[in-house]
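Step one of this worksheet: look at the structure below.
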Amino acid sequence: MALSLIEKGDAYYCDCRREDVEERNKASQRTKQGYDGYCRERNLEKSPTTVLRYKVPAEGATTVHDLVRGEVVVANENIDDFVLLKANDAPLFVLANVVDDIDMKISHVLRAEEHLPNTPKAVLLFNSFGEVAPYFAHVPVLVNEKRQKLSKRRDRVAVEDFKDKGFLPEAMINYLALLGWSPKDNREFMTLDEMTREFAIEDVGHSPSFFDEKKMEHFNGVYIRALSDDDFVELLIPFLEKADWWQGSAENRAKLLDLASITKERVSLLGQAPDLLMPIFAPKVTVEEALFEKEVAPHAELLSQVATLCENLAEFDAASIEATLRDLSTTSEIPLRKLQSPIRIATTGAKAGLPLFELWQHAGRTVIIERLTSSAKNAEK
RNA sequence: GGCCCCAUCGUCUAGCGGUCUAGGACAUCACCCUCUCACGGUGAAGACACGGGUUCGAACCCCGUUGGGGCUGCCA
């Protein structure tokens, strides 16, 4: 197919090496750096050292009809005679692209903005082949915090990584769709169905967008909270299985279902949930030394007091636990918010986490009492 | 260097000549709710890059400047 261009006078063979061209450009003080057209009229025959070049018209201009950018006009004098076929007859990207597109009767070419500078060449080729060029649409690229085009090498953008962190596909799609595009009413949360229905290529923006993982995480949190408890648990299991303390028993799954609603609203990534659940399912919790000394040790007496209270409870459920602790708060005149801190740290190892009463209920009375009393003992040392 | 693209809060955006004292969302801060944290609620701070035009009137149109990105291979 490419050879037909020679007959039409749209292509010619060239044996210039890169260095030759550079030297000539230097010598002639040419401002342009590319190929200088040295072999255009030499009528070289094909040989193992010749490439086939496209003969770009000296005059005129080439127009790319771009659905997002409008008409992009480039003067032909600014387009170098580009290589079509390598010396070994292998076709180059533009050529391969164009014949492929013709072959497959492609109507629209959607690709990143970075390809725009080369598409006049493609348009030239379509014309030479007697074809009407397809519609092009060059969408803006995504950039990193330094405003550089996102690259696989430099930036961590593998979808697998996001999946491993606990991003939901739906949330990610929703967020990504909003980079460079927004629906007419400027709303943010939409289903794939709504997006495909309302999307129009003409509406996409012209400037690059920063890929803001923080905002995507917020989207993810909203999607997670919208999940049913069952679905949430289902999606959570693979993340729990990475923890050595997790036992996938039916009993534990039932607990998980109970805890789903209070867990959902505390995570924006599924990967954050195991840390929250750990004090319930792990046999032991560790309290950081400095934290223990500062926040727990001074309240050793309270710890054993609460342990005794727990022991005497008829039912060890959230409501009962709450009732006794509120009583204790009243009689001891320590606000509940103050009172819960040392016992939370002693039984979970963290200053913040799931609501304490539910957490205790699901961890179980013996476990909690054990953690309370051993902490009290440690504090006295 | 040459060529191409782009330019509204820190970020993603709405805006397509008058309705803009520029709207929303994320992030930030404050307050409220509250057993911690979160969720939720209320509020605050925060932008039309600059300079010329055009026009009765410019964030919106034109030109230039500056800034950013991209392309510039016998890579894809």
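Residue numbers begin at 1 in each chain, while the letters A, B, ... track the order of the sequences. What you see is a predicted model, and the numbers here were worked out from it, not measured in a lab.
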Taking only side-chain N and O atoms of His206(A), does any of them lie within less than 4.0 angstrom of OP1 or OP2 on C5(B)? no
Look at the side-chain N and O atoms of Ser341(A) and state whether any lies under 4.0 Å from the OP1 or OP2 oxygen of C35(B). no
Of the candidate nucleotides C12(B), A76(B), C4(B), which contains the atom at the shortest distance from the side chain of Leu179(A)? C12(B)
Does the ring centre of Phe126(A) sit less than 6.0 Å away from the ring centre of Tyr54(A)? no
Scanning all shown strands, the Watson-Crick or wobble mate of C29(B) with both distances under 3.5 Å is G43(B)
Are Asn43(A) and Tyr12(A) packed together at the side-chain level, in the sense that at least one heavy-atom pair is separated by less than 4.5 angstrom? no
What interatomic distance, in whole Å, is found between C1' of C33(B) and the corresponding atom of G41(B)? 8 Å
Side-chain N or O of Arg344(A) versus OP1/OP2 of U36(B): is the shortest distance under 4.0 Å? no
Base, sugar-phosphate or nothing for Val72(A)? Non-hydrogen atoms, less than 4.0 Å. sugar-phosphate
Sugar-phosphate only, base, or nothing, as touched by Arg147(A) at under 4.0 Å among non-hydrogen atoms: sugar-phosphate
With rounding to whole Å, what would you report as the distance between C3(B) and A25(B) at their P atoms? 44 Å
Nucleotide nearest Arg326(A) when distance is taken to its side chain, options C35(B), G70(B), U72(B): C35(B)
Can you tell me which nucleotide in A25(B), C5(B), C75(B) comes closest to the side chain of Glu113(A)? C5(B)
Counting any heavy atom closer than 4.0 Å, what does Gln33(A) reach on the DNA or RNA strands: base, sugar-phosphate only, or nothing? base
Taking atom P in both A14(B) and C61(B), what distance in whole Å separates the two? 14 Å
Please check this pair: side chain of Thr119(A) against backbone of His115(A), looking for a donor-acceptor N/O pair closer than 3.5 Å. no
If you compare every side-chain N and O of Arg266(A) against the phosphate oxygens of C39(B) (OP1, OP2), does one of them come in below 4.0 Å? no
Select one nucleotide: of G2(B), C74(B), C71(B), the one nearest the side-chain heavy atoms of Asn78(A). G2(B)
Of U13(B), C35(B), C71(B), the nucleotide closest to the side chain of Ser182(A) is U13(B)
Mapping Glu265(A) and Ala75(A) onto RNA chain B by nearest heavy atom, which one lands closer to the 5' end? Ala75(A)
Would a 4.5 Å heavy-atom cut-off, applied to side chains only, mark Gln361(A) and Lys255(A) as touching? no
Specify the separation, in whole Å, of atom CG of Asp185(A) and atom P of U13(B). 16 Å
Could you tell me whether a side-chain N or O of Arg40(A) sits under 3.5 Å from a main-chain N or O of Val56(A), the two making a donor and an acceptor? yes
Identity of whatever pairs with C50(B) - Watson-Crick or G-U, under 3.5 angstrom: G64(B)
Rounded distance (Å) that lies between atom C1' of C26(B) and atom CZ of Phe167(A): 13 Å
Proximal nucleotide (of U13(B), C37(B), C6(B)) relative to the Asn186(A) side chain: U13(B)
So Gly180(A), base contact, sugar-phosphate only, or nothing? Heavy-atom distance under 4.0 Å. sugar-phosphate
So, is Lys86(A) near the phosphate of C75(B), with a side-chain N or O under 4.0 Å from OP1 or OP2? yes
Hey, does Gly34(A) reach any base, or is it just sugar-phosphate, or nothing, if we go heavy atoms under 4.0 Å? nothing
Distance between C1' atoms of A49(B) and G1(B) (Å, rounded): 26 Å
Under the ring-ring contact (aromatic ring centres under 6.0 Å, His included) rule, collect the residues that match up with His108(A), sequence neighbours excluded. Tyr135(A)
A7(B) and C63(B): how far apart are their P atoms, nearest whole angstrom? 14 Å
Short side-chain N/O contact to U13(B) OP1/OP2 from Lys215(A), under 4.0 Å: no
Counting only Watson-Crick pairs (N1-N3 plus N6-O4 or O6-N4) and G-U wobbles (N1-O2, O6-N3), all under 3.5 Å, who is the partner of G73(B)? none
Using the P atom as the point on both nucleotides, what is the distance between U36(B) and C32(B), in whole Å? 13 Å
Side chain Arg187(A) and base U13(B) donor-acceptor under 3.5 Å: no
What is the distance, to the nearest angstrom, from the CD atom on Glu358(A) to the C1' atom on U34(B)? 13 Å
Rounded to whole Å, the CG-P distance (Leu85(A) to G73(B)) equals 18 Å
Find the distance Asp212(A):CG to U11(B):C1' and express it as a whole number of Å. 5 Å
Measure the distance from CZ on Phe357(A) to P on U34(B) and round it to the nearest whole Å. 13 Å
Using a heavy-atom cut-off of 4.0 Å across all strands, would you classify Leu356(A) as base, sugar-phosphate, or nothing? base
Reckon Thr263(A) touches a base, only the sugar-phosphate, or nothing at all at heavy-atom distances under 4.0 Å? nothing
Rounded to whole Å, please give me the gap between NZ in Lys184(A) and C1' in U13(B). 14 Å
Using a heavy-atom cut-off of 4.0 Å across all strands, would you classify Val83(A) as base, sugar-phosphate, or nothing? sugar-phosphate
Backbone N or O of His138(A) within a donor-acceptor pair of the Asp66(A) side chain at under 3.5 Å? yes
base_contact_polar (C5(B) base, Arg69(A) side chain, donor-acceptor, <3.5 Å): no
Any salt bridge between Glu19(A) and Lys26(A), counting N to O under 4.0 Å? no
Trp181(A) and Ala200(A): which non-hydrogen atoms are nearest, and at how many Å? NE1-N, 3.9 Å
Give the rounded distance in Å between these two atoms: NE2 of His115(A) and P of C75(B). 17 Å
Indicate, with a heavy-atom threshold strictly under 4.0 Å, whether Leu354(A) touches base, sugar-phosphate, or nothing. base
How far, in whole Å, is U21(B) from A47(B) if one measures between their C1' atoms? 15 Å
Select base, sugar-phosphate, or nothing to describe what Phe93(A) touches, counting heavy atoms under 4.0 Å on all strands. base
Please work out if Gln272(A) contacts a base, only the sugar-phosphate, or nothing of the nucleic acid, heavy-atom cut-off 4.0 Å. nothing
Mind checking whether Trp245(A) and Phe281(A) have parallel, tilted or perpendicular rings, split at 30° and 60°? parallel
Considering heavy-atom distances to RNA chain B, does Thr50(A) or Phe211(A) have its closest nucleotide positioned more toward the 5' end? Phe211(A)
Of the listed C4(B), C74(B), C12(B), the closest approach to the Ser209(A) side chain comes from C12(B)
For the C1' atoms, the ones on A45(B) and on A22(B), what distance do you get once it is rounded to whole angstrom? 16 Å
Output the single nucleotide from U72(B), G70(B), G24(B) whose closest atom is nearest the side chain of Glu188(A). G24(B)
